[in-house]
Amino acid sequence: MKQEKTDVKKQKRRVIIGNAWPYANNLMHVGHLCALLPGDIIARYYRLSGDEVMLVSGSDCHGTPITERARKEKVSPREIAETYHKTFVRDLGAVNFSYDKYGATFDDYHKAEIQKIFLKMYDAGEFFKKTDTQDFCESCNMFLSDREIRGTCPHCGSISKGDQCDNCLTSMDASQLKEKTCGICGGKTQQRQNKSLMFKLSGYQKDIECLLDKNRDHWRVNAVNETQKYLSQGLLDRAVTRDLNWGIDVPVEEFKDKKIYVWIEAVLGYYTMSKFLLDQRGIKVEDYYKASDDLRMYLAHGKDNIPFHTVIYPALLLAVDKNCQLPTHIVSCEYIKVGAEKMSKSLGNLLTVYELTEKFDPDTIRFYAILSNPEKKDSGFTTTEMINTHNKLLVGGLGNFVNRNLSYLVKKFEGKVSGGAVDKDIIEKTRSLYKSAGEIIEAGNTREALEHIVEYIQLANKYYDDNKPWVKVHEDAAAFGDITRTCIYMMANMSNLFHPFIPAAMDRLKAMLKLGAAKWEEVDCDITQLENINILFNRIEEEK
RNA sequence: CGCGGGGUAGAGCAGCGGUAGCUUGUCGGGCUCAUAACCCGGAGGUCGUGUGGUUCAAAUCCCACCCCCGCAACCA
């Protein structure tokens, strides 16, 4: 019975992978890269497995920080957002991200969909009105957010922003400040009544508790802990409108001068972008997103994004449709450190994706970014170590294994490969590697999976050394044939196993071996004549 | 008592109740098919501190203390 079952064509699984939306007010750095790359690996893995995948993301283009930057640079917020959106598209392409859809929150499609969703929630009574006093600047003619207010810090007496004092580092509420002024024009502020729409997040306490309970095994530990913290404090209702002039208009007459809060609309971008793809296929998003065991939903981001993905996003999805599928796998990574410190713009140690791609191959970057990924705790990222990893594992390990075999065959036999049998033990190890590594990737642990697959390189080189084909060739032609076949078999499987991680190089290897498209399953290679054999990776000489 | 992560060979890390392990570096050997590549072995640690607690047994659990880092500020 069991045998029969495996013979039946496997049913396609449906997988939606949402990668966090980088915020368009600065260049993308290796922190983003490490947070997002696992999503790409997972997507590529499922595609190789024959499953139906949607990898979606985009640029987060609205919000206060962008308007602040625009004001400083005396350009429009849109110019800022467009500039950085373009750099993101470029950077992501340069490291071979395989997005099915990468948009931006200022796309007309996204904006229209968000307004529809917003209205639907409004009509369904998910929001309520709230009025309270807020700081208003008359000359700017707008309400100010905490970070736009200046005033005297109640703790140290210096001039502070409304959210936290730069001098004594105390965080606060703007209401604690004395003698408040507008951070934009410097004028006095006044208190005025302001109304906003609030989302009844508190009503979803039970649902989120259930969600966490159901999926805690597929969520990273940091996501489980962080979510638990929010739940134990009790979920609070959140404002969904903001007083800004840059963003998506609130589609409700009474609030039409306000914008939708960025986190609400940006996080729903996963939904709008996958709807975009489904539209093309003539599938209704409501049908596709119906809760179902065969629909997996991964979300990849950094740890500071956790509550937005594990609490707010699921609650919004439920508000859209009570029967909606919710995130099943949370892939939330820790931080990249530079030396002992965190990487940040203000410390001036930002390592941008742009400068990396200027100097290095995408595969070199991807390989190292995954191998040193802050999967379970903070980890470091240095170009020196990246070069070291490249030379050691890609050049000396994988590349060398391919080259020592193929170049020998080319030199001694003009590239002719005779028949032979593949080693039984190697076959078994190969099969079990597909299985175990696949399971680890499905669990979202791409670093652990790659570490596992890297061991296959050592297995291969050791096999070669132990069997000494350069000696056997003179003594036992049949044995030499077997060894050669086994090595080529291992190369062929490397070109599959490593494909999600370093796709460009593995496609080059496939071309050399005249293999078809990558698949996540054991493959043999019956090549008889080698042609166009090239070195797979070039050694990087350390220079600065 | 704000919350969280961490302190293990020169460096970077794994182990998280049972003879201290991996990678890199270093030293030596092997091989000569290979891009100073590959394979094997040696040296190197009283596992932050405590003549602390639990245990037959502690890097591993508990307690106290010290130190680093992150979050609560734009930022994954």
Side-chain angles (χ1 to χ4, degrees), chain A residues 19-23 25-39 63-66 68-69 146-147 160-166 169-172 221-222 225-226 229 233 300-306 309 331-337 339-347 350 371-374 376-382 384-385 388-412 448 451 454-455 457-458 460-473 480 483-484 487 534-541:
Chain A
N19 265 9
W21 294 45
Y23 193 63
N25 77 334
N26 220 321
L27 290 173
M28 187 176 271
H29 51 73
V30 295
H32 296 100
L33 185 67
C34 288
L36 304 180
L37 214 34
T64 315
I66 286 174
E68 279 178 353
R69 176 145 195 175
D146 280 0
R147 50 182 290 153
S160 161
K161 285 188 293 184
D163 49 3
Q164 188 186 24
C165 176
D166 285 334
L169 297 180
T170 337
S171 54
M172 69 190 91
V221 177
N222 56 8
N225 290 344
E226 192 75 1
K229 196 167 92 186
Q233 290 164 354
H301 49 259
K303 62 178 164 186
D304 59 334
N305 267 242
I306 289 169
H309 289 83
V331 185
S332 40
C333 79
E334 300 286 326
Y335 281 130
I336 286 294
K337 286 182 305 182
E341 292 167 321
K342 102 180 234 185
M343 182 179 58
S344 83
K345 199 193 164 203
S346 41
L347 288 169
L350 266 197
L371 262 193
S372 67
N373 201 273
K376 290 180 181 143
K377 61 182 188 182
D378 295 357
S379 70
F381 192 116
T382 66
T384 312
E385 215 181 296
N388 197 4
T389 304
H390 171 93
N391 286 340
K392 189 74 195 167
L393 296 173
L394 293 181
V395 177
L398 210 173
N400 179 48
F401 178 68
V402 173
N403 189 235
R404 69 198 299 206
N405 270 286
L406 301 189
S407 69
Y408 188 68
L409 293 167
V410 168
K411 263 188 237 164
K412 292 272 179 183
E448 194 188 333
E451 283 169 349
V454 161
E455 288 168 12
I457 299 174
Q458 211 197 350
N461 274 313
K462 192 164 165 51
Y463 173 86
Y464 194 90
D465 280 300
D466 290 349
N467 287 286
K468 301 185 181 14
W470 62 91
V471 174
K472 284 278 179 2
V473 72
F480 177 77
I483 296 162
T484 302
C487 287
N534 292 306
I535 275 173
L536 212 46
F537 301 99
N538 289 302
R539 190 172 182 78
I540 302 173
E541 297 308 330

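Everything numeric here is computed off the predicted structure, so don't read it as measured data. So that the names make sense, note that chain A is the first sequence line, chain B the second, and so on, each numbered from 1.
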A:H29 vs A:S407, nearer the 5' end of RNA chain B by closest nucleotide: A:S407
Minimum-distance pair of heavy atoms, taken over all atoms of A:N461 and A:G397: ND2-O, 3.3 Å
Distance, rounded to the nearest Å, where A:D304 contributes CG and B:C74 contributes P: 10 Å
Closest contact, heavy atoms only, A:A35 versus A:A300: O-CB, 3.7 Å
Separation between the P atoms of B:A14 and B:U32, rounded to whole Å: 39 Å
Separation of B:C75 P from A:N25 CG (nearest whole Å): 6 Å
Close side-chain approach of A:K462 and A:D465, heavy atoms under 4.5 Å: no
Exercise: identify the closest heavy-atom pair between A:N25 and A:R69: O-NH1, 2.7 Å
Euclidean distance for C1', B:C39 against B:G52 (whole angstrom): 48 Å
Parallel, tilted or perpendicular: ring planes of A:H309 versus A:H301, cut at 30 and 60 degrees: parallel
Nearest-Å distance for atom pair CG/C1', residues A:N405 and B:C33: 8 Å
C1' spacing across the pair B:G53 / B:U60, given as an integer number of angstrom: 15 Å
Touch class at under 4.0 angstrom, heavy-atom based, for A:F401 against every strand present: nothing
Per-nucleotide pairing state of RNA chain B [Watson-Crick or G-U, under 3.5 Å; [ ] pseudoknot-crossing; | other strand]: .(((((((.[[[[.)..(..]]]].(((((.......))))).....[[[.[[..)....]]]]])))))).....
Base versus backbone protein contacts along nucleotides 36-44 of chain B [heavy-atom cut-off under 4.0 Å; B, S, -]: -SBSS----
Separation of atom CE in A:M28 from atom P in B:C74, rounded to whole Å: 19 Å
Minimal non-hydrogen separation, A:P38 against A:L33, with atom names: CD-O, 4.5 Å
Selected nucleotide, minimal atom distance to A:N388 side chain, candidates B:U24, B:C33, B:U35: B:U24
Heavy-atom closest pair, residues A:F381 and A:S372: CD1-OG, 4.2 Å
Results of salt bridge (Lys or Arg N to Asp or Glu O under 4.0 Å) for A:D304 - residues two or more places apart only: none
Evaluation steps, ring pair (Phe, Tyr, Trp, His ring centres under 6.0 Å), between A:W470 and A:F480: CA-CA 8 Å; A:W470 62 91; A:F480 177 77; over 10 Å; no
Where A:S407 and A:N403 come nearest, the two heavy atoms and their spacing: OG-O, 2.6 Å
For atom CH2 of A:W21 and atom P of B:C74, their distance in whole Å: 21 Å
Under-4.0 Å side-chain N/O to phosphate OP1/OP2 contact, A:K472 with B:C33: no
Heavy-atom protein contacts under 4.0 Å, nucleotides 2-15 of chain B, coded B base, S sugar-phosphate only, - none: -S---------SS-
Distance, rounded to the nearest Å, where A:L393 contributes CG and B:U23 contributes P: 11 Å
Distance, P atom - from B:G7 to B:C27, rounded to whole angstrom: 30 Å
First encountered from the 5' end of RNA chain B, between A:K411 and A:H301: A:K411
Within-4.5 Å side-chain heavy-atom neighbours: A:S332 and A:N305: no
Contacts of A:Y23 that satisfy ring-ring contact (aromatic ring centres under 6.0 Å, His included) - sequence neighbours left out: none
B:G45 to B:G2 separation - P atoms, rounded to the nearest Å: 40 Å
For atom CD of A:E448 and atom P of B:C22, their distance in whole Å: 19 Å
For A:N19, side-chain hydrogen bond (donor to acceptor under 3.5 Å, both in side chains) partners two or more places apart: A:Y99
Sugar-phosphate, base or nothing in reach of A:K412, heavy atoms under 4.0 Å: nothing
C1'-based separation of B:U35 from B:C40 [nearest Å]: 22 Å
C1' gap between B:U54 and B:C69, integer Å: 31 Å
Sugar-phosphate, base or nothing in reach of A:L536, heavy atoms under 4.0 Å: base
Centroid distance under 5.5 Å and plane angle under 30°, A:W470 vs B:C33: yes
Value in whole Å for how far the P atom of B:A34 lies from CG of A:N534: 16 Å
Rounded C1' spacing from B:G6 to B:C16 in Å: 14 Å
